[in-house]
S.K.: 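I have a structure I would like to understand better, so I am pasting it below and will then ask my questions one at a time.
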There are 2 protein chains.
Amino acid sequence: MADIAARVGISRAAVSLVLRGVGGTSEATKQRVLEAAAELGYRPDSLAAGLRRSRSRTLGVLFALRRPFEVEFVEHLYPLAGHLGYDLLLGPFTAGRRQDEAVDELLRYRCAGLIVVGPDLHARDLEPLAEEVAVVEVGRGVTRGLVDVIRNDDAVGTRQAVDHLVSLGHRDIAYVDGGENPGAQERRSGYRAAMQDHGLAEATRVVPGGYTEDEGARAAHGLLANQPPTAVIAANDLCAIGIIDIALRAGLQVPGQLSVVGYDDSRFGRIPGIDLTSVRQDIPRMAKQALKAVVDRLDRPTHKPKDLVVRPKLVVRSTTSHPSR
Amino acid sequence: MADIAARVGISRAAVSLVLRGVGGTSEATKQRVLEAAAELGYRPDSLAAGLRRSRSRTLGVLFALRRPFEVEFVEHLYPLAGHLGYDLLLGPFTAGRRQDEAVDELLRYRCAGLIVVGPDLHARDLEPLAEEVAVVEVGRGVTRGLVDVIRNDDAVGTRQAVDHLVSLGHRDIAYVDGGENPGAQERRSGYRAAMQDHGLAEATRVVPGGYTEDEGARAAHGLLANQPPTAVIAANDLCAIGIIDIALRAGLQVPGQLSVVGYDDSRFGRIPGIDLTSVRQDIPRMAKQALKAVVDRLDRPTHKPKDLVVRPKLVVRSTTSHPSR
DNA sequence: TTGTATGCGTTATCAT
DNA sequence: ATGATAACGCATACAA
């Protein structure tokens, strides 16, 4: 930047004004600065800029690199953040990287806010963070401290799945659970409540599973071994895919002999050969709201935390049909 | 940091020495500094640190968030980079984010080096970058300028697939192509050459496809419509999964009536119900070498670029068997 | 072993 | 409308 100033013959401050696009400069110098910048191949230094205004224009994103929903969420975040003038700093947690390490790194880079997409972190870990930075949690609804929450109404989602299957004539509807994963608890209780409301409390069956294909496949083995249900709702899409694979291998027709519903409507469910009936979370809307929540909190740090619940929507495809019996 | 210095009653420089773990301080002050740091909840400021030593300890990673191979590669990068004392700055490109935007952002954060995992970028775009930062390219082998290259021997991979199928008795082996994707060209020519070497030039059949399940599924439709082959090699795992789905839906048994080989040995191929025979790229090794290459180049910026080729390995699972006829 | 002084590239404050 | 100057938090060279 000093180079540009020297070349044009003005102060560095003036150059800064032009480059930031704030007013206060004459049109003539503005043009000359822009020209010089292009010629010199100038590239702004986000480090220095962030250092100066202690409140950096960077948002940290915590998520699991392996969960399709979270990845899709992040994808939607990018254009929105860019539009608001924020950079995104990704803090993925994976097998080789603990979550607190990820948080630590983001904080070292002085993120202004934190978007926690995969809240495996317990509320008690998140709460103290909220005093340093703006924190918004996506998925799990533990409103405590100053943490904003954007979440999908998981219970309604599985209820929609049950309603759909019941309307097709199913009664023997099993549920493959998601264990401790984000949202899994609510999905399970939504299933339970819906079954009860339909007078199917007796037919309620919850099988331990998970959010991965592996766990879905394992659950399917047990489920199909004796007295297989006519329909199964999976904790998420990957789990559903694992179930379908096992079912097909076992010679069961899907949906002829077994209807399957997933959750998330992720890209894997949309594979033509799978074409999974699934509960869709409104990711674009949630991403937008999450961003809005962080930015709002940056403006008013002590504002009352919001808890926004977004309604999911069942997308019927070709893994569900009338039961054969 | 100033707070710690004030509290302990020494200079900020001394605190810096302790915190960085370089010698030059007495054990007594060291303890007192560490204590004070913990009490005050001190967190180093990577921005400021990076600004000071212009050569930041940050490596940028360019990759496609949707390609399993690249994501797995990134996962392996984390523990290795951490061990070398580098932070990773992720520059994913997705639907809502062009590649040059991603590059630009990484450069604005003054990354010391760039690891380009998904080299969709053309060599002519990469080359000028290499004069500013250390660049290592993973996947595509276009050694030009000062760009180091770590790549898998794609041609050998598809050759291994062909060899395997031929040894099982297959002769009618088709190939579903990966188009313009990284490595696709080499995989295709490896297939072609291997077929020729086995005297199967006549049976060579390349069908346009891609790196996604969708493209695999579309290719399968055309492929299975008339005169289906007894075996098919897919450009990558996702593509293979798309093919398998269509084949199963069409009533074909896999591998009974159609053997399928994928590429990458990604987690989707390892789904129990899929259990895909696939060509494995040695990701841990490649990740290690890529990191080594960047670090080496940071030490000797003008050193002759290296071009390291890693040998892949066929992993035989249950989607390949003897042909039925 | 410890402290002092200076600079990294930018932005914000104040004065012109 | 524009410019000089200080400050952001840390690392480094050098002096003590």
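Every heavy atom of this structure was used, including side-chain atoms; hydrogens, water molecules and symmetry mates were not. Throughout, a chain's letter reflects where its sequence line sits, starting with A, and its residues are numbered from 1.
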S.K.: Using 0.5 Å steps for rounding, measure from the NE2 atom of His83(A) to the CG atom of Leu291(A).
M.R.: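 Taking NE2 in His83(A) and CG in Leu291(A), the distance rounds to 11.5 Å.
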S.K.: Is any side-chain N or O of Thr29(A) closer than 4.0 Å to OP1 or OP2 of dA1(D)?
M.R.: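 So the side-chain polar atoms of Thr29(A) never come under 4.0 Å of the phosphate oxygens OP1 or OP2 of dA1(D).
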S.K.: Distance-only, no hydrogens or angles: does the Tyr211(A) side chain make a donor-acceptor pair with backbone N or O of Pro182(A) under 3.5 Å?
M.R.: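 Yes, because the side chain of Tyr211(A) sits within donor-acceptor range (under 3.5 Å) of the backbone of Pro182(A).
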S.K.: Is it the case that the side chain of Arg97(B) and the backbone of Pro92(B) share a donor-acceptor pair, with hydrogens and angles ignored and the cut-off at 3.5 Å?
M.R.: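 Present.
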S.K.: Check the side chains of Asn181(A) and Arg67(A) for a donor-acceptor pair under 3.5 angstrom, ignoring hydrogens and angles.
M.R.: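 A pair is found: one side chain offers a donor N or O, the other an acceptor, under 3.5 Å apart.
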S.K.: Please encode protein proximity along nucleotides 8-16 of chain C as a string of B, S and -, counting only heavy-atom distances under 4.0 Å.
M.R.: BBBBB----
S.K.: Rounded to the nearest 0.5 Å, what separates atom CG in Leu89(A) from atom CD1 in Ile115(A)?
M.R.: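 Going from the CG atom of Leu89(A) to the CD1 atom of Ile115(A) covers 11.5 Å.
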S.K.: So what does Ile10(A) touch, heavy atoms closer than 4.0 Å: a base, only the sugar-phosphate, or nothing?
M.R.: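 Answer is sugar-phosphate: Ile10(A) comes under 4.0 Å of backbone atoms only.
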